[in-house]
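Remember, predicted model here, so these are calculated numbers, not experimental data. Index from 1, following the sequence.
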Amino acid sequence: MNIRLLAFTDRGHSLAQRLAGELGGEAARCGGSPGLEVWTASAWRTSEALVFVGAAGIAVRAIAPHVRHKAVDPAVVVVDEGGHFAVPILSGHLGGANDLARRIAALCGAEPVITTATDVRQLFAIDEWARRQGCRVRNPAAIRRVSSKVLSGEKIGIYSPWPITGKAPEETFLTTPEGCDALLSIHREKGDVLHLVPAIAVLGVGCKRGTSQTALENAFSTLLESAGLDPLAFCGVCSVDLKEKEPGLLAFCKAHGFAFKTFSAQALQAVEGTFSSSEFVRSVTGADNVCERSAVLGSGGELLVKKQTGDGVTVAAALVPFSPDWRWRNE
């Protein structure tokens, strides 16, 4: 987790530095440059978690202009400068603020002040489980409905095409897609069931020099439509190393927040499997296929969507091996 910490006093800065060292974060002291507003805006854009060492009121006022939705907001935790309390104030489950508060508390001897209802009653939290399993939430508004059932003492039905290892929480049971409250799927789903999307798909891309971002967006959209895939299922893009500085491809990855990785032609050609082959592509890149081979190599899994071609772009998709379990909190 990319964490940035901000303190308002010398004593608080000392604690922030110690926590940053333990958490692998970056600590700053407010009072000079950058100021609170600038620091918060920057950290909000670039970090997965913000930790304010100081008064909760200051933190609330600082983040207020930036708060959008729990599905996209970073985790925010407040720690008093004496290290007595660690309070998650935003994105407790999906953002991981509750877990971060517990980690901070363990490091400095503080009391984690957790206020989310499922945690207070030690009940299964579907959104925290989703985060731990590397799933994104297609329809976050449905979380409330599922959590309400748990809080009212009802069991929730979950469907997963992947076996879920471990002991299922008492509040859950496995069921069919038609009878579930929440389902795991990389495909587009209809209805108002809570849709949890494992981020396990890798897009393999081959393209001509100078290919525009627009052409890549069109190719991606076509692949999603033809395969019925949810775009939230994609976590990265792979290609041959000749494309590592291709402007359109870099812009495409940045726009979607995709990690981008490239491989040598030799590494691609050594990938085992049955792939479409092009002597022209081999003459240009050194490998007979870029999109399929890079998707498989980058995912470490199996090819899901074979090569699709259009407007000078080839795309394919492969899946990272996925083995969900029932872990949803620190034991």
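Across all their heavy atoms, A49 and L100 have their closest contact at CB-CD2, 3.6 Å. The two residues V290 and G206 come nearest to each other via the heavy atoms CG1-CA, 4.0 Å. In terms of heavy atoms, E292 sits closest to K307 at OE2-N, 2.8 Å. Summarising the geometry of P321 relative to S299, their closest heavy-atom pair is CD-O, 3.5 Å, with the distance given to 0.1 Å. The minimum heavy-atom distance between V313 and A219, with the atom names listed, is CG1-CB, 3.7 Å. The nearest pair of heavy atoms linking A101 to P112 is O-CB, 4.2 Å.
In this structure, I114 and R102 have side chains that are in contact, with non-hydrogen atoms separated by less than 4.5 Å. Using a 4.5 Å heavy-atom cutoff, the side chains of P169 and W328 are in contact. The side-chain heavy atoms of I104 and L23, taken from C-beta on, include a pair separated by under 4.5 Å. Residues Y159 and V193 form no side-chain contact, since every pair of their non-hydrogen atoms from C-beta on lies 4.5 Å or further apart. The shortest side-chain heavy-atom distance between V305 and L229 falls under the 4.5 Å cut-off. Using a 4.5 Å heavy-atom cutoff, the side chains of P198 and I186 are in contact. Using a 4.5 Å cut-off on side-chain heavy atoms (C-beta onward), L6 and V53 make no contact. Side-chain contact between V315 and L216: absent, with no pair of heavy atoms (C-beta onward) separated by less than 4.5 Å.
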Exercise for review: Take R136 and D230 through the salt bridge (charged side-chain N to carboxylate O under 4.0 Å, His left out) test and state the conclusion after the steps.
Suggested key: CA-CA 11 Å; R136 296 164 177 167; D230 191 304; over 6 Å; no
Review point. Stepwise, does the salt bridge (charged side-chain N to carboxylate O under 4.0 Å, His left out) test hold for D181 with K155?
Key: CA-CA 9 Å; D181 297 290; K155 290 193 174 186; over 6 Å; no
Exercise for review: With side-chain contact (heavy atoms from CB on, under 4.5 Å) as the test, would you mind laying out the steps for I126 and F124 before giving the verdict?
Suggested key: CA-CA 6 Å; I126 189 74; F124 178 73; 3.7 Å; yes
Review point. Under the salt bridge (charged side-chain N to carboxylate O under 4.0 Å, His left out) criterion, do R293 and D288 qualify, and how do the steps go?
Key: CA-CA 9 Å; R293 289 181 178 276; D288 66 351; 2.8 Å; yes
Check your understanding: Can Q308 and S226 be said to form a side chain to side chain donor-acceptor pair (under 3.5 Å), step by step?
Key -> CA-CA 10 Å; Q308 297 185 359; S226 64; 2.8 Å; yes
Exercise for review: With side-chain contact (heavy atoms from CB on, under 4.5 Å) as the test, would you mind laying out the steps for I89 and F52 before giving the verdict?
Suggested key: CA-CA 10 Å; I89 62 172; F52 292 88; 5.7 Å; no
Practice item. Start with the C-alpha gap between L223 and L203, add the side-chain angles, then the distance that decides, and say whether side-chain contact (heavy atoms from CB on, under 4.5 Å) holds. Key: CA-CA 10 Å; L223 180 144; L203 184 71; 4.0 Å; yes
**Study point:** side-chain contact (heavy atoms from CB on, under 4.5 Å) between T211 and L249, worked out
**Key:** CA-CA 8 Å; T211 296; L249 190 50; over 6 Å; no
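Under the 4.5 Å side-chain contact rule for hydrophobic residues, L15 and I3 share a cluster. Under the 4.5 Å side-chain heavy-atom criterion for ILVMFWY residues, a single connected hydrophobic cluster contains both M1 and L19.
Remark: E37 CD is loosely packed, at most 12 non-hydrogen atoms of other residues, nucleotides or ligands lying under 6.0 Å away.
In this structure a side-chain-to-backbone donor-acceptor pair under 3.5 Å is present from S294 to C238. S283 places a side-chain N or O within donor-acceptor distance of the main-chain N or O of F280, the cut-off being under 3.5 Å. No side-chain donor-acceptor contact under 3.5 Å links H93 to the backbone of N98. In this structure, the side chain of D73 does not engage the main chain of G95 through any donor-acceptor pair within 3.5 Å. Put simply, the side chain of S152 gets close to the backbone of K149: a donor and an acceptor are under 3.5 Å apart. A donor-acceptor pair under 3.5 Å is absent between the side-chain atoms of E302 and the main chain of L319, judged by distance alone. When atom types are taken as modelled, the side chain of T175 and the backbone of C180 share no donor-acceptor pair closer than 3.5 angstrom. S185 places a side-chain N or O within 3.5 Å of a backbone atom of H187 that can act as its donor or acceptor partner. In this structure a side-chain-to-backbone donor-acceptor pair under 3.5 Å is present from R145 to D192. Within the 3.5 Å criterion, the main-chain N or O of V38 finds no donor-acceptor partner in the side chain of S42.
In this model, a donor atom of one side chain and an acceptor atom of the other lie less than 3.5 Å apart for S276 and N289.
Residue E22 holds its CD atom at 10.0 Å from CZ of R103, rounded to the nearest 0.5 Å.
Ring geometry for F258 against F220 counts as perpendicular: the plane angle is over 60°, on a 0 to 90° scale with 30° as the lower cut.
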